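Below you'll find the structure, written out as structure tokens, and then a few comments.
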Amino acid sequence: MILTDKNVAPFIKWAGGKRQLLPYIQELMPKTYDNYYEPFIGGGAVLFHLMPQKEVIINDINKALINVYRQIKYHPNELMQYLTKIDADIPLEHKAYYYEQREQFNDKMMKDEYDLELAALFIYLNKHCFNGLYRVNSKGLFNVPFNNSNVKSFNAENILAVSHFLQKVTILEGDFEHACQNAKKGDFIFLDSPYAPLNDTSFEAYTKEGFDIPSHKRLAKLFGELSSRGCYCMLTNHNTEFINDLYQDYHKKVITVRRYINSDAKNRKGEEIIITNY
Ligand SMILES: C[S@@+](CC[C@H](N)C(=O)[O-])C[C@H]1O[C@@H](n2cnc3c(N)ncnc32)[C@H](O)[C@@H]1O
């Protein structure tokens with residue numbers, strides 16, 4: 001099989017994935033740009049859709065997630081061997097097995113073992129946990145319950161295509177501000193941070209650090225700095241008053257979307273906003 005950069009799909013489900021917004025993001029992005037930065041990469045739905053041609057820099061604060069990107073980049077075949085074994089060992093009564101894998105994952109997290117096995121466990125848990133959520137407790141340990149889904153953890157062709165594409169991608173791990181420090185005039189920065197709260201029960205605990213109101217203000221400040229540097233910036237979030245206030249000086253497009261994470265049926269439709277500085 002000849003591998004190309006076409007037809008690459010996200011290899012995990014991720015909360016806040018931007019699939020519904022992709023046509024609008026595509027329409028509103030700059031027609032030409034230099035390097036592509038995505039400091040909140042998550043499941044990479046936007047990156048794998050856009051497939052930027054020049055240099056690409058991705059980042060996330062979730063260390064276990066970034067370990068998966070790195071293992072796919074450097075060791076796709078070994079990773080798939082681990083995954084094949086995990087999937088092959090699934091018994092008919094899957095539930096107890098899921099919780100054993102989750103415990104194994106958390107043991108490794110506590111020992112800071114960011115390796116191939118951890119990456120394989122991450123992908124397996126993502127595919128078999130409730131809604132593909134990544135939620136952790138106050139110690140940073142993964143605590144999402146089992147979802148009785150009868151799916152394979154991976155698609156070999158896709159993992160190889162992702163690995164091929166990632167060869168030209170710089171993969172960083174840490175805070176968004178640091179990830180953007182080398183961005184220069186003409187680069188395109190796509191910013192999809194955790195959402196600003198809609199209400200008190202909004203889902204926003206992606207990592208034990210969370211992403212609070214001061215983080216949103218810090219992001220708005222960075223948006224301003226990148227704008228003065230001459231970068232093309234695009235940011236997405238809920239269409240709330242708080243976000244509109246933070247970005248009053250920029251262009252905005254509001255889009256109605258279906259929401260999946262909110263358990264309150266009334267809140268399953270919502271509005272997202274796309275903000276650009278160009
Ligand atoms: C809305 S998700 C991104 C979703 C992504 N666009 C997708 O399509 O899957 C936000 C991401 O920001 C990450 N994050 C949270 N706080 C961060 C920080 N301070 N710096 C960098 N990344 C952060 C989370 O781990 C999460 O993966």
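Atoms within a ligand are numbered from 1 in the order they appear, just like the ligands themselves. Given the structure is predicted, the values throughout are model-derived calculations rather than measurements.
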(message) For atom 25 (O) of ligand 1, which of the options N62, L219, D60 provides the nearest non-hydrogen atom?
(response) D60
(request) Between D212, D192, V46, flag the one that comes closest to atom 3 (C) of ligand 1 by a heavy atom. (result) D192
(request) Applying ring-ring contact (aromatic ring centres under 6.0 Å, His included), name anything that partners Y250, two or more places apart in sequence or on another chain. (result) F223
(message) Within the 4.0 Å heavy-atom shell around G42, which atoms of ligand 1 are there?
(response) 9 (O), 27 (O)
(message) Taking 4.0 Å as the limit for heavy-atom contacts, which would you say applies to S193 with ligand 1: side chain only, backbone only, both, or neither?
(response) backbone
(message) Please determine whether the number of non-hydrogen atoms from other residues, nucleotides or ligands lying under 6.0 Å from atom NZ of K152 exceeds 12.
(response) yes
(request) Decide whether an N or O pair under 3.5 Å exists between F176 and ligand 1. (result) yes
(message) Need the ligand 1 atom indices (1-based, order shown) with element for anything under 4.0 Å from a heavy-atom of G43.
(response) 7 (C), 9 (O)
(message) Looking only at side-chain N and O atoms, does Q71 offer a donor or acceptor that is under 3.5 Å from a partner on Y114?
(response) no
(request) Provide the full list of ring-ring contact (aromatic ring centres under 6.0 Å, His included) pairs with a residue in residues 53-73, sequence neighbours left out, each pair given once. (result) F11-Y69
(request) Go through ligand 1 atom by atom and flag the ones less than 4.0 Å from a non-hydrogen atom of N59. (result) 21 (C)
(request) Could you list the atoms of ligand 1 found under 4.0 angstrom from a heavy atom of P39? (result) 21 (C), 22 (N)
(message) Just to be sure I read this right, does ligand 1 sit under 4.0 Å from the backbone of F40, its side chain, both, or neither, counting only heavy atoms?
(response) both
(request) Using a strict cut-off of 4.0 Å, indicate which atoms of ligand 1 neighbour a heavy atom of G174. (result) 20 (N), 21 (C)
